[in-house]
Colleague: 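I have a structure here, written as structure tokens, and I will follow up with some questions on it.
As the structure is a prediction and not an experimental result, all values here were calculated from the model.
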Amino acid sequence: MCFSVFMSFGQIQENPVQWKTTIEQGKGDTLLVNLKATIKEGWHINSQFNAIPDGPLPTVFDFKNTDQYSVVNKVIEPTPLNKIEKIYDNQTLYYFEKEVNFVQKIIPKTTDSITIKGTVTYMSCSQNMCLPPETEEITLKYQPLHGSTTQDSNVWWLFFGGFFGGFLALLTPCVFSMIPLTVSYFTKNGGVKKAIIYAISIVVIYVTLGLTITLTLGPDALNALASNGIVNLIFFLIFVLFAISFLGAFEITLPSSWLNKSDQMTDKGGLIGIFFMAFTLALVSFSCTGPIIGSLLVEAAVNGNIIGPAIGMFGFALALSIPFMVFAAFPTMLKKLPKSGGWLSKVKVILGFLELALAMKFLSTFDLVYQLGILKREIFIAVWIVIFSLFGFYMLGKLKFEEYENESKTSISGLISSILIFSFVVYLIPGLWGAPIKLVSGFLPPSFYKEWNQNTGPMNSNSSTVTTIADTHSQPCPQNLNCFHDYEEGLAYAKKENKPILLDFTGWSCVNCRKMEDNVWSDPLVWEKLNNDYVLISLYVDDTTVLPENEQMISKTTGKKIKTIGNKWSDFQTEKFQTNSQPYYVIIDTNGEKLSEPVAYEPNVTKYAAFLQAGIENFK
């Protein structure tokens, strides 16, 4: 919503410049303070960047950071007019006539109303004279219509991921076999009403589990999980344990005493009895649902979203509970359900292969964070080729895990599944020799983290040879680009070359960072701009390299000790740009000032290329 406030200030009679200010909502939490100057015919005011010694003064805006808001860099102005002034030794004067709108970006620190204060000092000039400088006070009050309700798009993915996990859980022997028995009970004792209470109880149980994870760990801990090497190693071991369980080596069960106590509570009847019926289902089915729940909670936790675990569990519980309501309302539909049999156990084996493949992602993160070199890109791909090949043979019936799997013929569904799986295996194979395999970008280690490197640009690029930065200032970078991993070194090089800087806040464990590098930076249009027009500074916020003692310090923003290179860059990002998410791309000039609004994950190549082009034009 946009509203206007007129500035109050003393004016000389017939002042040739009138100011008007408005506030409007920008992207995300950003507010835009518009400062519009209406200039009388024959007069002009000067650009902020007018710099003629002893000449007309530039327009100067002054907004201070307060405890209510942060100021985002300098005031933005449109392209000014210009002319050569002979009276000032033929220097160029930059100015505005008739009407001009300046914009100051700010970020509120509170969801309550805020008061924005600042000043504008300007000089009004005509062809014959310049009036003395005027300083106008700016006071604006902004009352948001709603509190801050920034929504993370990943929440929807967590919900649908949880829903899909709940659907898979339905197809496991532990849950599927319980549907006819439980529905039959409700059709004889209370009907649909009790079935709905039963379904709601399932949702409450699993959402409570998700909220417990959040409240126990807290948002800061959840955010740190994604980049913690040891935690990712633990997740790898957990996923392997789940996979082995699904493949039939053993079952993960809860203590029998829990089940007995829950059974006793169901005999009480009423709402409490129905709730504990649902709780008993959760306990009995744990050997099948436990690995799925564990996987969902891990994915939600490393996503770093405070409500992620609860959202994931809500989707899971919703999918799990719907059949009990539907079949209680329409009991005749039970006859259409397929009979229990070996196919249910086959679902568990399928999940086992998928869990094993996902486990490699967490091992890869552990390896990347500590730079151990044990699971480089080619090795990761080779392991996946083996896992999915075995998966394909299993779907063909050539690999068996249970005694019942003695069918002599391959089913049509098994044949189709194996074709899809082996097609994926064939797709992976060129990746051993450097192919991008973009379909799984984000899961694989970075393109430069491999057994060998080739000094070429992106595939299909028409670029000539790559300009090389001295080895003492450069480390391996995505897409064979040149980059720095130290801000000061990159800044010094940018000043020397007179080029704008792209600050790339990234992480070894950042999935979306890999997707951007593999799918967006590899595009020839984007790659050319990054390689030729920018100085790229990639700062890894999860780099575990310990800083020298004399460089360790206490953070001004968090109060925590900065011990590692990753701590240093994470704190730098938080202090300077008020965010700690990755990927985060900021275009700055050689003085460290922003040239345009930063962007985060942007998979649209055209939009990202436009973002880079705007930075180049603003730098010029």
Side-chain angles (χ1 to χ4, degrees), residues 161 164-165 168-169 171-172 232-252 288 290-292 294-296 298-299 302 343 345-368 372-402 405 410-411 413-447 449-451 509 511 514-515 518:
F164 182 68
L168 290 178
L171 301 180
T172 60
N232 276 274
L233 178 62
I234 294 172
F235 287 160
F236 163 73
L237 296 174
I238 291 173
F239 268 60
V240 170
L241 183 70
F242 290 162
I244 295 173
S245 171
F246 272 146
L247 292 174
F250 54 82
E251 285 194 354
I252 301 173
C288 293
I292 299 175
S295 304
L296 286 172
V298 166
E299 288 294 332
V302 300
W343 69 272
S345 296
K346 196 165 188 175
V347 170
K348 288 181 64 177
V349 175
I350 292 172
L351 292 175
F353 278 112
L354 295 177
E355 293 268 350
L356 200 57
L358 288 173
M360 302 310 299
K361 169 59 184 169
F362 295 101
L363 181 60
S364 173
T365 298
F366 168 72
D367 176 55
L368 284 166
L372 301 176
I374 60 176
L375 195 63
K376 292 195 173 182
R377 190 178 177 92
E378 298 92 338
I379 299 174
F380 187 104
I381 295 172
V383 173
W384 263 27
I385 288 173
V386 172
I387 291 173
F388 283 100
S389 294
L390 293 174
F391 188 11
F393 283 121
Y394 175 77
M395 297 306 295
L396 279 174
K398 304 302 180 183
L399 189 64
K400 304 181 186 300
F401 288 90
E402 299 286 351
E405 296 179 331
T410 300
S411 65
S413 60
L415 177 62
I416 294 174
S417 299
S418 63
I419 290 173
L420 294 175
I421 294 167
F422 281 121
S423 297
F424 180 63
V425 170
V426 173
Y427 174 75
L428 289 175
I429 291 174
L432 295 172
W433 290 274
I437 48 178
K438 295 182 179 181
L439 188 63
V440 288
S441 61
F443 286 96
L444 304 181
S447 57
Y449 192 70
K450 53 188 177 182
E451 296 292 325
S509 57
V511 172
R514 302 293 86 77
K515 289 181 178 179
D518 291 345

Colleague: Show the nearest heavy-atom pair for residues Gly414 and Ser411, with the distance to one decimal.
Modeller: N-OG, 3.0 Å
Colleague: Nearest 0.5 Å, what's the NZ-CG distance between Lys438 and Leu444?
Modeller: 13.0 Å
Colleague: Under 3.5 Å, side chain of Tyr427 to main-chain N/O of Leu439, donor-acceptor pair present?
Modeller: yes
Colleague: State, to 0.1 Å, how close Phe443 and Lys361 come at their nearest heavy-atom pair, and which atoms those are.
Modeller: O-CD, 3.5 Å
Colleague: Starting at CD1 of Ile437, measure out to CG of Leu432 and round the result to the nearest 0.5 Å.
Modeller: 8.0 Å
Colleague: Can you list everything that forms a side chain to side chain contact (heavy atoms under 4.5 Å, CB included) with Ser418? Sequence neighbours excluded, please.
Modeller: Met395, Leu396, Leu415, Phe422
Colleague: Return the CG to CD1 distance between Leu368 and Ile374, rounded to the nearest 0.5 Å.
Modeller: 10.0 Å
Colleague: Might you confirm whether atom NZ of Lys398 has over 12 heavy atoms from other residues, nucleotides or ligands at distances under 6.0 Å?
Modeller: no
Colleague: For a quick test of reading the model, state the closest non-hydrogen atom pair linking Met360 to Leu375 and the distance between them.
Modeller: O-CD2, 3.9 Å
Colleague: Tell me the closest heavy-atom pair linking Asp367 and Lys376, and the distance in Å.
Modeller: OD2-N, 4.3 Å
Colleague: Work out which heavy atom in Leu356 is nearest to a heavy atom in Ala243; give both atom names and the distance.
Modeller: N-CB, 3.8 Å
Colleague: Decide side-chain contact (heavy atoms from CB on, under 4.5 Å) for Leu399 and Phe391; before the verdict, give the C-alpha distance in whole Å, the side-chain angles of both, and the deciding distance to 0.1 Å.
Modeller: CA-CA 8 Å; Leu399 189 64; Phe391 188 11; over 6 Å; no
Colleague: Does Ile419 offer a backbone N or O that forms a donor-acceptor pair with the side chain of Ser423 under 3.5 Å?
Modeller: yes
Colleague: Under 4.5 Å between any side-chain heavy atoms of Phe424 and Leu420, yes or no?
Modeller: no
Colleague: Hey, is CZ on Phe164 packed in by over 12 heavy atoms from elsewhere, all under 6.0 Å?
Modeller: no
Colleague: Could you tell me if the ring centre of Phe239 sits under 6.0 Å from that of Phe362?
Modeller: yes
Colleague: Side-chain contact test, heavy atoms from C-beta onward, threshold under 4.5 Å: evaluate it for Pro446 versus Arg377 and give yes or no.
Modeller: no
Colleague: What orientation do Phe388 and Trp384 show, parallel under 30°, tilted 30 to 60°, or perpendicular over 60°?
Modeller: perpendicular
Colleague: Locate the shortest heavy-atom distance separating Leu363 from Phe236; write the atom from each residue and the value.
Modeller: CB-CD1, 3.6 Å
Colleague: Given Leu428 and Val440, is the side-chain contact (heavy atoms from CB on, under 4.5 Å) satisfied, shown in steps?
Modeller: CA-CA 9 Å; Leu428 289 175; Val440 288; 4.3 Å; yes
